[in-house]
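I have placed the structure first, in the form of structure tokens, so that the comments after it can refer back to it.
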Amino acid sequence: MQNKPVNILFTRPLDALLVQKAGYKKIVVDTATFIITTPVTTNEVKEKIEAFKNQKATVVFTSTNAVEAVVLQLKEKPDWDIYCIGGATKDAVIDFFGETRIKALGKSAASLADKIIAAGEVKEVVFFCGDQRLTTLPETLEANGIHTIEIGMYETILTPQLIEKNYNGVSFFSPSAVHSFFELNTVGINVILFAIGKTTAATIGSYCSNKIVTCEWPGSEQMIDSIIHYFDKN
């Protein structure tokens with residue numbers, strides 16, 4: 001660990017306990033919001049959820065926002081088999097549906113699709129997602145004979161802002177946040193960029209040639225751990 005403080009920008013809000021955890025390692029974290037999400041509450045969406053809530057359905061979540069938007073429409077826990085990614089999304093699923101509803105966890109949408117296919121018994125899934133969702137999961141499932149019903153539960157809005165402070169590193173959790181950040185900002189050649197997942201890392205790489213550290217498991221704590229580990233070694 002370097003003797004002088006390391007300054008990191010998180011491109012989304014961060015829990016105060018995680019800011020404190022980083023601070024113990026002389027990592028100073030600032031946060032700025034580069035995207036906001038709004039749940040979709042149209043009658044069409046409500047009717048779709050109503051149609052599935054009384055069925056024994058297999059559903060997929062790849063974001064916390066999708067879980068929260070669905071829960072807003074539910075009064076009781078449906079009898080669903082759930083596949084979801086880990087980290088905060090898993091925690092959100094457990095909070096409402098319970099851990100026993102989770103059939104499998106994945107590090108990413110791609111690994112989750114593989115687990116659904118490997119189960120060998122799933123013929124149809126309901127994929128609750130956002131308007132910026134990647135096509136990896138539905139395309140992979142459809143190619144393997146698993147019908148995928150997509151229900152858009154939230155919209156993503158870019159909120160670019162100019163950052164004037166110099167940072168040692170910047171962390172990103174989604175391609176949308178990357179696009180929003182680089183709309184008004186550039187980074188120095190020595191700035192380390194941290195990404196959740198390969199798709200976010202690839203999006204960063206389309207804007208600059210800086211060193212990118214990829215955190216495979218989603219979640220703010222996993223990101224903090226990756227940052228601490230990197231600067232401990234360097």
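Values below: all heavy atoms of this structure, side chains included; hydrogens, waters and symmetry mates excluded.
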Do any side-chain atoms of residues 52-59 form donor-acceptor pairs under 3.5 angstrom with protein atoms, and if so which ones, sequence neighbours left out?
unit_1: Lys53; atom_1: NZ; unit_2: Glu50; atom_2: OE1; d: 3.1
unit_1: Lys53; atom_1: NZ; unit_2: Glu50; atom_2: OE2; d: 3.4
unit_1: Gln55; atom_1: NE2; unit_2: Ala51; atom_2: O; d: 2.7
unit_1: Lys56; atom_1: NZ; unit_2: Asp79; atom_2: OD1; d: 3.4
unit_1: Lys56; atom_1: NZ; unit_2: Asp81; atom_2: OD1; d: 3.1

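Under the 3.5 Å distance criterion, the side-chain polar atoms of Lys25 are left unmatched by any main-chain donor or acceptor of Asp232. Judged purely by atom type and a 3.5 angstrom limit, Asn185 has no side-chain atom pairing as donor or acceptor with the backbone of Leu162. Using a distance-only test at 3.5 Å, with no hydrogens or angles considered, no donor-acceptor pair links the side chain of Thr200 to the main chain of Gly197. Within the 3.5 Å criterion, the main-chain N or O of Thr33 finds a donor-acceptor partner in the side chain of Thr159. Between the side chain of Thr89 and the backbone N or O of Ile85, no donor-acceptor pair lies under 3.5 Å. In this structure, the side chain of Asn210 engages the main chain of Val191 through a donor-acceptor pair within 3.5 Å. One N or O on the side chain of Ser180 and one on the backbone of Phe34 form a donor-acceptor pair closer than 3.5 Å. Remark: side-chain polar atoms of Asn65 are not paired, donor with acceptor, to backbone N or O of Thr37 under 3.5 angstrom. The closest donor-acceptor contact from the side chain of Ser226 to the backbone of Gln222 lies under 3.5 Å. One N or O on the side chain of Thr11 and one on the backbone of Ser171 form a donor-acceptor pair closer than 3.5 Å.
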Problem set entry | Verdict with supporting geometry, Phe96 and Arg101, side-chain contact (heavy atoms from CB on, under 4.5 Å) | CA-CA 10 Å; Phe96 183 80; Arg101 290 294 179 194; over 6 Å; no
For this session: Let me see the working for Val6 and Lys4 under side-chain contact (heavy atoms from CB on, under 4.5 Å), right down to the final yes or no.
Result: CA-CA 7 Å; Val6 172; Lys4 61 182 181 180; over 6 Å; no
Exercise. Is there a side-chain contact (heavy atoms from CB on, under 4.5 Å) between Asn7 and Asn166 once you walk through the steps?
Worked result: CA-CA 8 Å; Asn7 292 291; Asn166 293 322; over 6 Å; no
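If you take CD on Gln20 and CG on Asp15, they are separated by 10.0 Å, rounding to the nearest 0.5 Å. Distance check, rounded to the nearest 0.5 Å: CD1 of Ile82 to NZ of Lys90 gives 13.5 Å. The distance from atom CD1 of Ile35 to atom CG of Leu158, rounded to the nearest 0.5 Å, is 7.5 Å. Note: Lys198 NZ to Ser108 OG = 7.5 Å, rounded to the nearest 0.5 Å. A distance of 9.0 Å separates CD1 in Ile228 from CG in Leu18, rounded to the nearest 0.5 Å. Between Lys107 atom NZ and Ile196 atom CD1 the span is 12.0 Å, to the nearest 0.5 Å.
Put simply, the side chain of Val28 does not reach to within 4.5 Å of the side chain of Ile8, judged on heavy atoms. Residues Cys208 and Leu193 meet the side-chain proximity criterion, which asks for heavy atoms closer than 4.5 Å. A heavy-atom distance below 4.5 Å is found between the side chains of Asp131 and Thr156. The shortest distance between side-chain heavy atoms of Ile102 and Ile94 falls below 4.5 Å. Lys123 has its side chain out of reach of Ile146: every pair of non-hydrogen atoms, C-beta onward, lies at least 4.5 Å apart. Residues Val93 and Asp91 have side chains not in contact (no heavy-atom distance under 4.5 Å, counting atoms from C-beta outward). In this structure, Phe173 and Phe10 have side chains that are in contact, with non-hydrogen atoms separated by less than 4.5 Å. At a threshold of 4.5 Å between non-hydrogen side-chain atoms, the residues Ile149 and Val125 do not count as touching.
Taking each heavy atom of Ala32 and Gln161 in turn, the nearest pair found is CB-NE2, 3.8 Å. The minimum heavy-atom distance between Pro175 and Thr203, with the atom names listed, is CB-OG1, 3.6 Å. Of all non-hydrogen atoms in Leu14 and Ser220, the two that sit nearest each other are CD1-CB, 3.6 Å. Closest heavy-atom contact between Asn168 and Pro5: OD1-O, 4.2 Å. The two residues Leu112 and Cys84 come nearest to each other via the heavy atoms CD1-O, 3.4 Å. Closest of all the heavy-atom pairs between Ala195 and Ile204 is CB-CD1, 3.7 Å.
Ring orientation note: the planes of Phe97 and Phe61 are tilted relative to one another, at an angle of 30° to 60°. Taking the six-membered ring where the residue is Trp, Phe182 and Tyr207 present parallel rings, their angle staying beneath 30° rather than reaching 60°.
Using modelled atom types and a 3.5 Å distance limit, the side chains of Tyr154 and Ser63 yield a donor-acceptor pair.
There is a path of hydrophobic side-chain contacts, each under 4.5 Å, that joins Val60 to Ile117. Phe194 is not connected to Val170 by any chain of hydrophobic side-chain contacts under 4.5 Å among Ile, Leu, Val, Met, Phe, Trp and Tyr, and they are in different clusters. Hydrophobic cluster membership differs between Ile192 and Tyr167, with clusters built from Ile, Leu, Val, Met, Phe, Trp and Tyr side chains linked at under 4.5 angstrom. Hydrophobic clustering places Val29 together with Val213 (ILVMFWY residues linked when any side-chain heavy atoms are closer than 4.5 Å, directly or through intermediates). Under the 4.5 Å side-chain heavy-atom criterion for ILVMFWY residues, a single connected hydrophobic cluster contains both Val70 and Val40.
Annotation: Trp80 is in aromatic contact with Phe128 [ring centroid separation under 6.0 Å]. Annotation: Phe172 is in aromatic contact with Phe181 [ring centroid separation under 6.0 Å].
Salt-bridge formation is detected for the pair Lys21/Glu221: a Lys NZ or Arg NE/NH1/NH2 atom is positioned less than 4.0 Å from an Asp or Glu carboxylate oxygen.
Other residues, nucleotides and ligands contribute at most 12 non-hydrogen atoms within 6.0 Å of the NZ atom of Lys211. Within 6.0 Å of CG on Asp30 lie more than 12 heavy atoms contributed by other residues, nucleotides or ligands.
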